[in-house]
Asks: 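Dropping the structure in here first, questions after.
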Amino acid sequence: MRKTETAETQPPGKQETKSLRTRKAICDATVSTLVEFGYGETTLARVVERAGLSNGALLHHFPSKEHLMTATAQYLFGRTLRRPKRRLPDNAGDTDVIAADLRTNWSYYINTPQYRALLEILIASRTDKNLRKQIAETLHDYHRRAVDHMMAVYESASDKPEDAELLPVMSNIFFRGLLIQDQYSADPKTQQRMVERWIEIVAPLLRPKSRKTD
């Protein structure tokens, strides 16, 4: 029997598809501008020029810089919640799985231009009251979803159940700190040694709830 399509299952129409494409182009332009110029110098005019759109097109979707930055953060958070497939040998142990996940968090999510752009937004929200007010709900929602994901994926390998939540969060905090450390010591080899040492410490303390690799 053919399923009845609802508003939620119907494919987007031409106008909606065009709107989504435009929003993505604007967010991508915002990301590259943040990486090159930083938050303070990322103006709507620069984003418009880089996206190849009119000022009116941008303002139609995002009426202010704060709205634009919140949408860009949502766009980038969405990327961090999508995990690439695990590809490990059949004989990989639990520690190997955790180590692979931590390396993915560092190399695929955090040590990237996209995450550097996100950091620009997060740091600015500390002192920019308008941005903080606009983005607060997005940040809180992402944190809840990230913690729920970690609790669903990992469990403690020791007698400390709270490790399943704390250690993945601590890992992300540590990795974010390494990006900031770039300002003081841009030595990729030393940076990678610290990543690997952290993984050696943390991986044995966790185990995956699921060993699915696809």
Side-chain angles (χ1 to χ4, degrees), residues 27-42 50 69 72-89 92-128 131 135 138-139 142-143 145-147 149-151 153-158 160 162-208 213:
C27 287
D28 285 336
T30 303
V31 168
S32 63
T33 307
L34 283 167
V35 172
E36 183 173 351
F37 297 104
Y39 182 87
E41 297 300 319
T42 294
R50 186 154 297 193
M69 293 302 164
T72 301
Q74 291 169 346
Y75 174 61
L76 293 171
F77 281 142
R79 180 177 182 273
T80 66
L81 290 171
R82 294 190 299 271
R83 300 192 65 82
K85 295 178 181 180
R86 285 175 179 158
R87 299 197 180 280
L88 294 165
D94 287 348
T95 299
D96 297 322
V97 173
I98 299 299
D101 282 357
L102 291 173
R103 288 192 188 96
T104 296
N105 286 352
W106 167 248
S107 61
Y108 181 83
Y109 295 118
I110 294 179
N111 190 26
T112 63
Q114 292 88 348
Y115 207 91
R116 284 175 168 81
L118 181 59
L119 272 184
E120 289 287 335
I121 300 173
L122 297 181
I123 292 171
S125 70
R126 187 183 72 84
T127 54
D128 187 322
L131 176 61
I135 205 172
T138 292
L139 298 182
Y142 170 75
H143 179 72
R145 292 171 64 191
V147 170
H149 170 77
M150 291 170 189
M151 296 299 290
V153 173
Y154 304 117
E155 62 186 8
S156 173
S158 68
K160 298 179 179 179
E162 66 272 20
D163 280 357
E165 175 182 347
L166 295 181
L167 291 178
V169 173
M170 290 166 62
S171 294
N172 288 340
I173 292 171
F174 173 68
F175 292 155
R176 283 197 293 268
L178 286 181
L179 291 190
I180 297 172
Q181 181 65 24
D182 274 353
Q183 305 299 316
Y184 304 95
S185 175
D187 181 356
K189 290 184 178 179
T190 300
Q191 188 181 65
Q192 192 60 41
R193 283 170 52 205
M194 288 190 284
V195 168
E196 291 300 325
R197 181 62 183 127
W198 177 259
I199 291 173
E200 288 176 5
I201 294 169
V202 173
L205 301 177
L206 295 169
R207 59 174 170 247
T213 58

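One is the number of the first residue; the rest follow in order along the sequence.
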Asks: If I take atom CG from residue L178 and atom CD1 from residue I173, how far apart are they, to the nearest 0.5 angstrom?
Replies: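 Reported to 0.5 Å precision, the distance equals 12.5 Å.
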
Asks: Could you please spell out the steps behind the side chain to side chain contact (heavy atoms under 4.5 Å, CB included) verdict for V195 and F175?
Replies: CA-CA 8 Å; V195 168; F175 292 155; 4.1 Å; yes

Asks: Decide, yes or no, whether a salt bridge links E36 with R50 under the criterion of side-chain N to carboxylate O below 4.0 Å.
Replies: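 R50 and E36: salt-bridged.
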
Asks: Which heavy atom of M69 sits nearest to which heavy atom of I121, and what is that distance?
Replies: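 Of all heavy-atom pairs spanning M69 and I121, the closest is O-CD1, 3.7 Å.
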
Asks: To the nearest 0.5 Å, what is the distance between CG on L206 and CG on D94?
Replies: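 The CG atom of L206 sits 10.0 Å away from the CG atom of D94.
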
Asks: Which heavy atom of V97 sits nearest to which heavy atom of P208, and what is that distance?
Replies: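 Heavy atoms of V97 and P208 come nearest at CG1-CG, 3.8 Å.
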
Asks: Can a donor-acceptor pair be found, under 3.5 Å and without considering hydrogens, that links the side chain of E155 to the backbone of R207?
Replies: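 No; zero donor-acceptor contacts below 3.5 Å.
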
Asks: Hey, are the side chains of S171 and N105 touching, using non-hydrogen atoms and a 4.5 Å cut-off?
Replies: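 No - every pair of side-chain heavy atoms lies 4.5 Å or more apart.
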
Asks: Is any side-chain heavy atom of R116 less than 4.5 Å from a side-chain heavy atom of N111?
Replies: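 Of all side-chain heavy-atom pairs linking N111 with R116, at least one is under 4.5 Å.
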
Asks: Identify the heavy atoms of I199 and P204 that sit nearest to each other, and give their distance.
Replies: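 So the minimum-distance heavy-atom pair works out to O-CD, 4.1 Å.
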
Asks: Go through it in stages, so that I can follow the logic: the residues are R176 and L179, the test is side chain to side chain contact (heavy atoms under 4.5 Å, CB included), and I'd like the CA-CA distance, side-chain angles, deciding distance and then a yes or no.
Replies: CA-CA 5 Å; R176 283 197 293 268; L179 291 190; 5.7 Å; no

Asks: So, using salt bridge (Lys or Arg N to Asp or Glu O under 4.0 Å) as the criterion, who are the partners of R145 when residues are at least two apart?
Replies: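 Counting only residues at least two positions away or on another chain, R145 forms a salt bridge (Lys or Arg N to Asp or Glu O under 4.0 Å) with D141.
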
Asks: Evaluate the criterion side-chain hydrogen bond (donor to acceptor under 3.5 Å, both in side chains) for residue pair Y115 and R79; output intermediate values, then yes/no.
Replies: CA-CA 10 Å; Y115 207 91; R79 180 177 182 273; over 6 Å; no

Asks: Closest heavy-atom contact between A117 and L34?
Replies: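 So the two residues come closest at O-CD1, 3.7 Å.
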
Asks: CG of L205 to OG1 of T95: how many Å apart, nearest 0.5 Å?
Replies: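 Going from CG on L205 over to OG1 on T95, the span is 9.0 Å.
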
Asks: Does T104 reach the main-chain N or O of A100 with its side chain, forming a donor-acceptor pair under 3.5 Å?
Replies: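 The answer is yes, because a donor-acceptor pair under 3.5 Å joins these two groups.
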
Asks: So do the side chains of M170 and L167 get within less than 4.5 Å of each other, counting heavy atoms only?
Replies: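 Yes - at least one pair of side-chain heavy atoms lies under 4.5 Å apart.
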
Asks: Whether the side chain of S156 engages the backbone of K160 through a donor-acceptor N/O pair (distance < 3.5 Å, no angle test) should be reported.
Replies: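 Checking the backbone N and O of K160 against the side chain of S156, a donor-acceptor pair under 3.5 Å is found.
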
Asks: If only atom types and distance count, is the side chain of D96 paired as donor or acceptor with the main-chain N or O of G93 below 3.5 Å?
Replies: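 Side chain of D96 to backbone of G93: a pair is present.
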
Asks: Please walk me through it: do L139 and L122 pass side chain to side chain contact (heavy atoms under 4.5 Å, CB included)?
Replies: CA-CA 9 Å; L139 298 182; L122 297 181; 3.4 Å; yes

Asks: Rounded to the nearest 0.5 Å, what's the gap from NE2 on H143 to OG1 on T138? Could you check?
Replies: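 The OG1 atom of T138 is 14.5 Å from NE2 of H143, to the nearest 0.5 Å.
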
Asks: Kindly indicate, with the supporting measurements, whether the criterion side chain to side chain contact (heavy atoms under 4.5 Å, CB included) is fulfilled by T30 and Y75.
Replies: CA-CA 11 Å; T30 303; Y75 174 61; over 6 Å; no

Asks: Report yes if the side chains of W106 and Q191 come closer than 4.5 Å at any heavy-atom pair, otherwise no.
Replies: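 Sidechains of Q191 and W106: in contact.
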
Asks: Test of understanding: with ring pair (Phe, Tyr, Trp, His ring centres under 6.0 Å), list the residues that count as partners of F77, not counting sequence neighbours.
Replies: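 For F77 the ring pair (Phe, Tyr, Trp, His ring centres under 6.0 Å) partners, ignoring immediate neighbours, are Y142.
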
Asks: Give a yes or no on whether E162 atom CD has more than 12 heavy-atom contacts from other residues, nucleotides or ligands under 6.0 Å away.
Replies: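 More than 12 heavy atoms, drawn from other residues, nucleotides or ligands, come within 6.0 Å of this atom.
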
Asks: Going by an N to O cut-off under 4.0 Å, is there a salt bridge joining E196 and R193?
Replies: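 The answer is no: the pair does not qualify as a salt bridge.
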
Asks: When V153 is tested against each of M150, M151, H149 for side-chain contact (heavy atoms from CB on, under 4.5 Å), which residue passes?
Replies: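 That would be H149.
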
Asks: Any side-chain donor-acceptor pair under 3.5 Å between D101 and Y154?
Replies: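 Yes - a donor-acceptor pair under 3.5 Å links their side chains.
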
